[in-house]
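Working notes for the structure below.
Values reported hereafter were calculated over all heavy atoms of this structure, with side chains retained and with hydrogens, waters and symmetry mates removed. No experiment lies behind these values; they were computed from the predicted model shown. All residue numbers in this chain count up from 1 along the given sequence.
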Amino acid sequence: MTMTTAEATGALLQHYGAGELDALMDLFADTVDLDVPGAPHVPWTGARSDKAGARAFFDLLINGGLTEPEAFDVHHIVVDGDQAVVLGRSRFRVTSTGRSFDNPFAIHVTVQDGKVVRYHMHEESYAIAEAFDR
C-alpha cells in the first residue's frame with residue numbers, strides 16, 4: 001500500500017523524533033533532492049541527491065554533535081497533493097561548544113509513489129552557525 005503525502009510526512013517526523021534511521025530511510029526514494037542551505041561549517045548543510053546522502057544527513061542530525069532537543073514543536077503541516085510543508089521551532093545545544101540555538105524551521109517535502117523525493121529544510125542558519133563557532 002502506497003503512503004499518502006500526509007502519511008509519509010507524519011512518518012518522517014515520527015521516525016526522526018524517535019531516532020529510527022533505518023525506518024526513516026525506508027521513506028525515501030533512491031534519488032532525492034535534499035537541500036539545507038547554511039554555513040559550510042555546520043555539518044548537515046548542503047545538497048544531497050540520493051538515499052545514501054539522505055542517510056548521512058539524518059545521521060548527522062540524530063548522532064552528529066547535538067544534544068537531545070530541548071524543544072521540538074511542529075506548529076502546522078500543510079499538504080497539497082504531493083507537496084507538504086512542515087512549520088515548527090526547535091532548540092538544541094551543540095555538544096562541542098555548549099552553545100544552544102533556537103531554530104524556527106520550514107521543511108518542504110515532495111512525495112511521489114509513496115516515497116520522499118524532495119526534502120528542503122529552511123532554518124535559522126545564522127544562529128546555528130553561531131552555536132557551532134568556538
**Message:** Looking at every heavy atom in both Ser125 and Pro37, which two are closest together, and how far apart are they?
**Reply:** CB-O, 4.2 Å
**Prompt:** Under the 3.5 angstrom rule, does the side chain of Arg48 hit a backbone N or O of Val36 as a donor-acceptor pair?
**Reply:** no
**Request:** State, with a plain yes or no, whether a side-chain heavy atom of Gln83 is found less than 4.5 Å away from one of His108.
**Result:** yes
**Item:** Carboxylate-amine/guanidinium proximity below 4.0 Å for Asp22 and Arg55
**Value:** yes
**Message:** In the structure I gave you, are the side-chain heavy atoms of Thr95 and Leu66 within less than 4.5 Å of one another anywhere?
**Reply:** no
**Prompt:** Judged by atom type as modelled, is there a donor-acceptor pair below 3.5 Å linking the side chain of Thr67 to the main-chain atoms of Arg93?
**Reply:** yes
**Derivation of the side chain to side chain contact (heavy atoms under 4.5 Å, CB included) call for Lys51 and Met25** = CA-CA 7 Å; Lys51 189 181 271 195; Met25 288 305 95; 4.3 Å; yes
**Item:** Side-chain heavy atoms of Leu27 within contact of His15, under 4.5 Å
**Value:** yes
**Message:** Just so I know, are the side chains of Leu12 and Val116 near enough to count as touching, which here means a heavy-atom distance under 4.5 Å?
**Reply:** yes
**Prompt:** Counting N and O atoms only, with roles assigned by atom type, does the side chain of Asn103 sit under 3.5 Å from a partner on the main chain of Glu123, one being a donor and the other an acceptor?
**Reply:** no
**Prompt:** When you measure from the side chain of His76 to the backbone N and O of Gly88, does any donor-acceptor pair fall under 3.5 Å?
**Reply:** no
**Item:** hydrophobic_cluster_shared for Val85 and Val79, side chain cutoff 4.5 Å
**Value:** no
**Request:** Test Asp59 against Leu21 for side chain to side chain contact (heavy atoms under 4.5 Å, CB included), laying out the working first.
**Result:** CA-CA 7 Å; Asp59 187 45; Leu21 193 55; 3.8 Å; yes
**Asked** Looking only at heavy atoms, what is the nearest atom pair of Thr45 and Pro40, with distance?
**Response** OG1-CA, 4.2 Å
**Message:** Counting C-beta onward and ignoring hydrogens, is there a side-chain heavy-atom pair between Ile77 and Leu13 closer than 4.5 Å?
**Reply:** yes
**Request:** Measure the spacing between CG of Asp82 and CG of Asp113 and express it to the nearest 0.5 Å.
**Result:** 10.0 Å
**Request:** Kindly indicate whether the side chain of Arg91, heavy atoms from C-beta on, has any atom under 4.5 Å from the side chain of Ser100.
**Result:** yes
**Item:** ring-ring contact (aromatic ring centres under 6.0 Å, His included) pairs, two or more places apart, involving residues 48-74
**Value:** Tyr16-Phe72, Phe28-Phe58, Phe57-Tyr119, Phe58-Tyr119, Phe72-Phe105
**Asked** Would you say Thr9 and Glu7 make side-chain contact, with heavy atoms under 4.5 Å?
**Response** no
**Complete:** Those residues at least two apart in sequence (or on a different chain) that pass side chain to side chain donor-acceptor pair (under 3.5 Å) with Arg89 are none
**Request:** Report yes if some heavy atom in the side chain of Leu87 is under 4.5 Å from a heavy atom in the side chain of Val74; otherwise report no.
**Result:** no
**Request:** Go through the steps for His120 and Asp33 under the test side chain to side chain contact (heavy atoms under 4.5 Å, CB included), then give the verdict.
**Result:** CA-CA 8 Å; His120 284 200; Asp33 173 13; 3.0 Å; yes
**Asked** Of the non-hydrogen atoms in Ala84 and Thr5, which two are nearest, and what is the gap between them?
**Response** CB-CG2, 3.8 Å
**Which residues share a side chain to side chain contact (heavy atoms under 4.5 Å, CB included) with Thr2, sequence neighbours left out** = none
**Prompt:** Rounded to the nearest 0.5 Å, how far apart are OG of Ser49 and CG of Asp30?
**Reply:** 11.5 Å
**Item:** Over 12 foreign heavy atoms within 6.0 Å of CG, Asp73
**Value:** yes
**Item:** Phe132 and Trp44: CA distance, side-chain angles, deciding distance, ring pair (Phe, Tyr, Trp, His ring centres under 6.0 Å) verdict
**Value:** CA-CA 12 Å; Phe132 271 92; Trp44 60 80; 5.6 Å; yes
**Under 3.5 Å donor-acceptor, Thr31 side chain and Asp50 backbone** = no
**Item:** Step-by-step side chain to side chain contact (heavy atoms under 4.5 Å, CB included) determination, Val117 to Val111
**Value:** CA-CA 6 Å; Val117 297; Val111 177; over 6 Å; no
